[in-house]
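In what follows, a structure is listed as structure tokens, so that the remarks can point back to it.
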Amino acid sequence: MGNKITGAHAFMQALIEEGVDTIFGYPGGAIMPVFDALYDYDKHINHILTRHEQGATHAAQGYARVSGKVGVALVTSGPAATNAVTGIADAMLDSTPMVVITGQVGATLLGTDAFQEIDVVGITQPITKWAYQIRRPEDIAWAVARAFYIARSGRPGPVVLDFAKNAQIQEVEFDYKPCTFIRSYLPIPEVQPSQIEAAAALINGAKKPFALVGQGVILGNAEKELLAFLEKADIPAAWTLLGSSAMPTDFPLNKGFLGMHGNVAPNKKTNECDVLIAIGMRFDDRVTGDLNTYAKQAKIIHLDIDAAEIGKNVKPDAPVLGTTKETLPAITAKLNPAKHTEWIESFKEYETLEFEKVIQREVHPESGELTMGEVIHKITHATNNEAILVTDVGQNQMMAARYFNYTKTRSMVTSGGLGTMGFGIPAAMGAKMGAPERTVCMFAGDGGFQMTIQELGTIMQEQIGVKMIILNNHFLGMVRQWQEMFFEERYSFTEMQNPDFIAIAKAYRIDGTEVHVREDLDAAIADMLKDDKPYLLVVNVEKKGMVYPMMPAGATVTNILLGD
């Protein structure tokens, strides 16, 4: 029999067994024994003290998205746990592997409304893959192993471990066994040869095939398999917001961004193709618009690891269950080499239209106020298109998605399904911790930046070298755009009086500069990128800029507005 250790120490050792090297967290009474044990493991695990529990969860998300590892957040009970709920829900909707550990009152106090007691499992069950309360130290190793297995396997997602204080203090003999199987949980479906045959037959018979690339390619580490698939059958492809960077921007068959503010050509071609191949995407309403008019002319192939997604929104003619790492090469092996030159050439008409009507004025303005598009365009090129893009939510997010370029995978971190304002700063911190050798550029609006502005304190303390860019239009820009377009320009509570952001950054000992005119932009970008220190660049852009193209909510994918 081995020596006994406290549950808190057993917990630390279990995390090390799972390969955890970074935790984002905030201490408090109900989790204090774990933080005390962490003091003894600081050579093995780097703890980043965030300034808010929501910041800890978003940072863990950013870390997970760029590293491919499980992100970890550690917080106390009560309000700390409820503060973490937004990040947990965000991770669930965006399939981000994360384990969140919350403190909890002792087992004998459960159900008594003790100080800072809250039903964490009850609150988080609908927004997690698994939520479990550890009440005995004997359950720690089992629960941790199971939590990490569930979080990272199959379609990834968040797991919550609610850790009763008595279990942290009581002693246990530590014996760790990694989890590799749970009865009734089958994270990777077995590939069915008949499904592969059916999909390949449709593609081989297609005259106008079109692929929609989602985050499932990135989560499945199937980027190379994707390119081989597209190249063999000469299939043009577009990407969802979370599928950004699955293909290099300059890949010849990459036809751009799908969805509400996506490129004209891929949206229009969705309703012109004869075979539509959805790869690791979920037919979100922001991509499909009105389902009653979506791709009715096409045979649908849907590759996904999650059976619940198959037929949920769009009924496929050929469903293909399994991880993209397996299903893509299986289909590719059965494809006939093909050329679809005329079909691919037909995209150019729409590409030219969009350049003349939108991109020219947004990215290459000859005069007038600075635009969001030109700022993003200049920054991505200044980084040789090799940086990681992190966005907040709103106009800044859609503009960055449209105009930032990629040469490497896992280069885009954003809040897709939940659309969480305030995501940007903490997610950028996590991204930089997960890929310290890479440049991380975070774009935010003046509204979202102020939602988690306190995390500048974390950046200061840890010297996290994120490059933060505020596209400042003194409005809640996306809401204002909708008010202008659909609410008769009734700008109800969207104009913002902002602080001196550079002065605030200076108070946190973070360098920065503010740009008002085009002539100063290049020098400011060069100054921001000259080293690997944290930096804040505030660019004052046109107050009433619009993100075009735009497919109005609930409209058909062909009903695209291009502005004036």
Side-chain angles (χ1 to χ4, degrees), residues 362-383 387 389-400 403-404 421-429 432 439-460 463-478 480 494-547:
E362 184 60 48
V363 177
H364 308 289
E366 296 178 357
S367 60
E369 297 175 282
L370 281 159
T371 67
M372 292 187 183
E374 68 178 309
V375 177
I376 294 158
H377 177 76
K378 283 181 175 290
I379 289 174
T380 188
H381 282 280
T383 65
L389 167 66
V390 181
T391 82
D392 207 86
V393 168
Q395 285 185 319
N396 66 89
Q397 177 187 33
M398 293 296 101
M399 284 293 197
Y403 298 119
F404 210 82
M421 288 181 68
F423 178 86
I425 301 175
M429 300 184 323
K432 185 63 176 176
T439 299
V440 174
C441 295
M442 190 284 297
F443 290 88
D446 41 310
F449 191 85
Q450 293 181 78
M451 284 194 169
T452 49
I453 196 170
Q454 69 274 7
E455 296 305 335
L456 293 178
T458 308
I459 292 170
M460 172 188 67
Q463 279 298 292
I464 305 171
V466 295
K467 309 302 181 181
M468 298 169 284
I469 304 98
I470 300 177
L471 300 172
N472 188 6
N473 57 13
H474 301 276
F475 266 104
L476 298 175
M478 189 60 84
R480 182 209 56 76
T494 47
E495 189 164 8
M496 299 191 75
Q497 183 173 342
N498 289 319
D500 184 338
F501 290 113
I502 298 301
I504 292 173
K506 186 177 180 180
Y508 283 104
R509 297 190 282 281
I510 296 171
D511 289 337
T513 192
E514 185 167 5
V515 172
H516 296 273
V517 294
R518 184 167 288 109
E519 292 74 19
D520 295 338
L521 182 58
D522 287 342
I525 292 171
D527 190 51
M528 175 178 71
L529 297 174
K530 69 184 179 183
D531 55 35
D532 199 39
K533 295 179 181 178
Y535 195 97
L536 176 63
L537 174 61
V538 180
V539 184
N540 291 279
V541 297
E542 54 185 347
K543 289 189 71 173
K544 293 189 177 181
M546 306 286 276
V547 186

Below 4.0 angstrom, N of the basic side chain to O of the carboxylate: do D532 and K467 qualify?
->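 Here D532 does not pair with K467 in a salt bridge, since their nearest N and O are not under 4.0 Å apart.
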Output yes when K543 and E369 qualify as a salt bridge under the 4.0 Å nitrogen-oxygen rule, no when they do not.
->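 The answer is no: the pair does not qualify as a salt bridge.
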Check each of V466, I376, T380, I379 against C441 using the side chain to side chain contact (heavy atoms under 4.5 Å, CB included) test, and report the only one that passes.
->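 Going through the options one by one, the only one that passes is I379.
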Pick out which of Q395, M496, E495 makes a side chain to side chain contact (heavy atoms under 4.5 Å, CB included) with R480.
->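 When side chain to side chain contact (heavy atoms under 4.5 Å, CB included) is applied between R480 and each of Q395, M496, E495, only Q395 qualifies.
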For N396 and M478, run side-chain contact (heavy atoms from CB on, under 4.5 Å): C-alpha distance rounded to whole Å, both residues' side-chain angles, the deciding distance at 0.1 Å, then the answer.
-> CA-CA 9 Å; N396 66 89; M478 189 60 84; over 6 Å; no
Determine, step by step, whether N540 and H474 satisfy the side-chain contact (heavy atoms from CB on, under 4.5 Å) criterion, reporting the C-alpha distance in whole Å, the side-chain angles of both residues, the deciding distance to 0.1 Å, and the verdict.
-> CA-CA 8 Å; N540 291 279; H474 301 276; 3.4 Å; yes
What do the steps show when you test I470 against F443 for side-chain contact (heavy atoms from CB on, under 4.5 Å), and what is the final call?
-> CA-CA 6 Å; I470 300 177; F443 290 88; over 6 Å; no
How many angstroms lie between atom CG of L389 and atom OG1 of T383, to the nearest 0.5 angstrom?
->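 Here the rounded value is 9.5 Å.
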With rounding to the nearest 0.5 Å, note down the distance linking CG in L529 to CG in L537.
->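 One gets 9.0 Å once the value is rounded to the nearest 0.5 Å.
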Is any side-chain heavy atom of [Y] closer than 4.5 Å to one of [X]?
X    : Y    : value
N472 : V539 : no
M399 : T391 : no
T513 : Y535 : yes
V541 : T371 : no
I425 : I459 : yes
V515 : V538 : no
N498 : Q450 : yes
D392 : F449 : no

Would you sort out whether E362 and H377 count as a side-chain contact (heavy atoms from CB on, under 4.5 Å), showing the intermediate values?
-> CA-CA 10 Å; E362 184 60 48; H377 177 76; over 6 Å; no
Among all residues two or more places apart in sequence or in another chain, which pass the side chain to side chain donor-acceptor pair (under 3.5 Å) test with Q397?
->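 For Q397 the side chain to side chain donor-acceptor pair (under 3.5 Å) partners, ignoring immediate neighbours, are T414.
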Listed partners of K533 passing side chain to side chain donor-acceptor pair (under 3.5 Å), at least two apart |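 Listed in chain order: nothing, the list is empty.
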Minimum heavy-atom separation for [X] to [Y], with atom names?
X    : Y    : value
L536 : A505 : CD2-CB, 3.8 Å
G512 : I502 : C-CD1, 3.8 Å
P426 : T452 : CD-OG1, 3.5 Å

Salt bridge (charged side-chain N to carboxylate O under 4.0 Å, His left out) contacts touching residues 510-525 (sequence neighbours left out) |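 Residue pairs passing salt bridge (charged side-chain N to carboxylate O under 4.0 Å, His left out), neighbours aside: E374-R518, K378-D522.
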Side-chain donor-acceptor contact under 3.5 Å, E455 with T458 |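 Yes, a side-chain donor-acceptor pair sits under 3.5 Å.
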